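Working notes, structure below.
These numbers come from a predicted model, not from an experiment. We count ligands from 1, going down the list as the structure has it; atoms in each ligand are counted the same way.
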Amino acid sequence: MKKIVIYLTLIISALGLISWGRTGHSTIGLIAERHLTPEAKAAVNVLLNGQSLADIASWADDNRDRATAPWHFINVPLGLSFDDFKSQIENAAPNVYTALLGQETILADTGKSNAERATALKYIVHFAGDIHQPMHVSRAEDKGGNTIQLRYDGQGTNLHSLWDTKMLEHAGLNAQQLADQFDQATPAQIAKWQNDPQITWAWESYQISTQLYAEIDTLQNKTIDDTYYQKHLPIIENRIEKAGVRLAGILNALFAKSTVQASTAAVPTAETETVTTIPLSEAANHIDQTFKTCGKVYGHKDFGSMVLVNIGAAYPNQLLTVVLRGDARKLQDDLDDQDICVTGKLILYKGKPEIVVNDSAQISK
Ligand code: ADE
Ligand code: ZN
Ligand code: ZN
């Protein structure tokens with residue numbers, strides 16, 4: 001059994017199922033946040049219950065399944081004219097382009113619930129990234145470069161993984177540092193990029209991947225050297241910056257038209273409304289539900305913009321993580337070792353249950 005799990009893990013990682021990787025997707029989220037209008041920022045904050053675009057940027061990879069796996073890329077033959085490329089991907093089976101447009105329609109629909117619109121937003125943030133990764137608009141026969149073996153930094157890798165993560169992570173910078181470095185566009189560039197339709201985003205990736213395939217054929221010993229890295233890093237920077245700026249453009253346009261109902265009444269607090277109390281041991285079974293649960297605090301960690309509080313056991317065995325945001329962060333020093341109750345909506349973050357607290361009234365002792 002253990003062996004099977006190891007093989008499955010190897011196969012899954014060999015197929016490069018993680019797109020830009022966490023760092024790349026977070027960087028795109030951070031860049032987008034800097035270009036949001038106040039209206040879009042407020043709508044995002046309500047839908048994501050206080051989480052940031054960077055926080056949720058890899059949610060779609062963490063929740064990939066057989067049905068949604070094809071939504072992360074598009075495979076097409078090389079050599080198509082723009083018109084043929086456009087008609088092929090519009091009419092192909094579900095893919096990153098059609099999934100992106102489909103989720104935009106859901107997010108724009110004020111008749112949908114906030115939960116449905118939040119899921120659509122998480123997909124859009126992720127797919128805006130994937131569609132800008134050149135190797136996600138690529139050939140079927142080599143699985144988007146996954147089966148093209150290469151050597152880089154003294155290790156075996158493949159063309160897909162090189163572009164998802166390996167080159168981006170080479171410098172060892174975190175998402176915040178990359179966002180600071182990449183977010184350099186002039187107002188004129190921003191206006192132009194945000195005016196390009198999504199088919200252009202995909203077409204640009206296709207033209208780049210066409211060039212990448214050709215270059216690999218001429219490579220000595222299938223080894224990626226520093227010359228290759230230096231030549232291609234600006235392309236990665238440009239793709240990630242464009243993805244962030246264009247993502248903001250989509251969200252700004254969308255939330256200028258279809259508003260999201262304000263959050264003030266969204267989280268009932270213990271004082272204002274009766275909410276069900278759920279035992280802490282069962283909290284994790286109530287995903288996306290709003291309720292009250294109580295338990296002992298086993299310490300906290302301050303991350304600046306948020307404070308994580310461990311309930312029920314110490315990290316990493318906590319039964320629930322309470323995420324203090326905004327003003328609620330000031331509670332952090334009064335909670336350790338105390339029995340507290342928290343009221344809010346339970347969500348899963350990286351598979352672990354958490355409740356985001358924006359308002360001190362959500363916590364009682
Ligand atoms: N990721 C996983 N499979 C892929 C494929 N066939 N093309 C591009 N990206 C992928
Ligand atoms: Zn990928
Ligand atoms: Zn993806």
Q. Can a salt bridge be assigned to the pair E215 and K222 using a cut-off of 4.0 Å between side-chain N and carboxylate O?
A. no

**Q.** Angular separation of D130 OD2 and S19 OG about the Zn ion (ligand 3), given to 10°
**A.** 110°

(Q) Distance under 4.0 Å to a non-hydrogen atom of N146: what atoms of ligand 1 satisfy this? (A) 1 (N), 2 (C), 3 (N), 4 (C), 10 (C)

Q) Between Y213 and D142, is any side-chain donor less than 3.5 angstrom from a side-chain acceptor? A) yes

(Q) Side chains of R151 and T157: any donor to acceptor distance under 3.5 Å? (A) no

Q. N75 heavy atoms, cut-off 4.0 Å: which ligand 1 atoms fall inside?
A. 5 (C), 6 (N), 7 (N), 8 (C)

(Q) I need the NE2(H126)-the Zn ion (ligand 3)-OD1(D61) angle, rounded to 10 degrees. (A) 80°

Q | Ion pair check, D183 and R34, cut-off under 4.0 Å | A | yes

(Q) Can you tell me which portion of H72 lies within the under-4.0 Å heavy-atom range of ligand 1? Options are side chain, backbone, both, or neither. (A) neither

Q: Run the salt-bridge test on K86 and D83 with the 4.0 Å N-O cut-off and return the result as yes or no.
A: no

**Q.** R139 to ligand 1, any heavy atom closer than 4.0 Å
**A.** no

Q | For ligand 1, the portion of S138 having any non-hydrogen atom under 4.0 Å away | A | side chain

(Q) Please give the atom name: the N, O or S atom of D164 nearest to the Zn ion (ligand 2). (A) OD2

Q | Exercise: do S19 and H25 side chains pair donor with acceptor under 3.5 Å | A | yes

Q) Considering only heavy atoms of G144, which atoms of ligand 1 have at least one such atom less than 4.0 Å away? A) 5 (C), 6 (N), 7 (N), 8 (C)

Q: Taking the Zn ion (ligand 3) as the reference point, name the nearest N/O/S atom of H72.
A: ND1

**Q.** Distance-only donor-acceptor check, side chains H300 and N310, under 3.5 Å
**A.** no

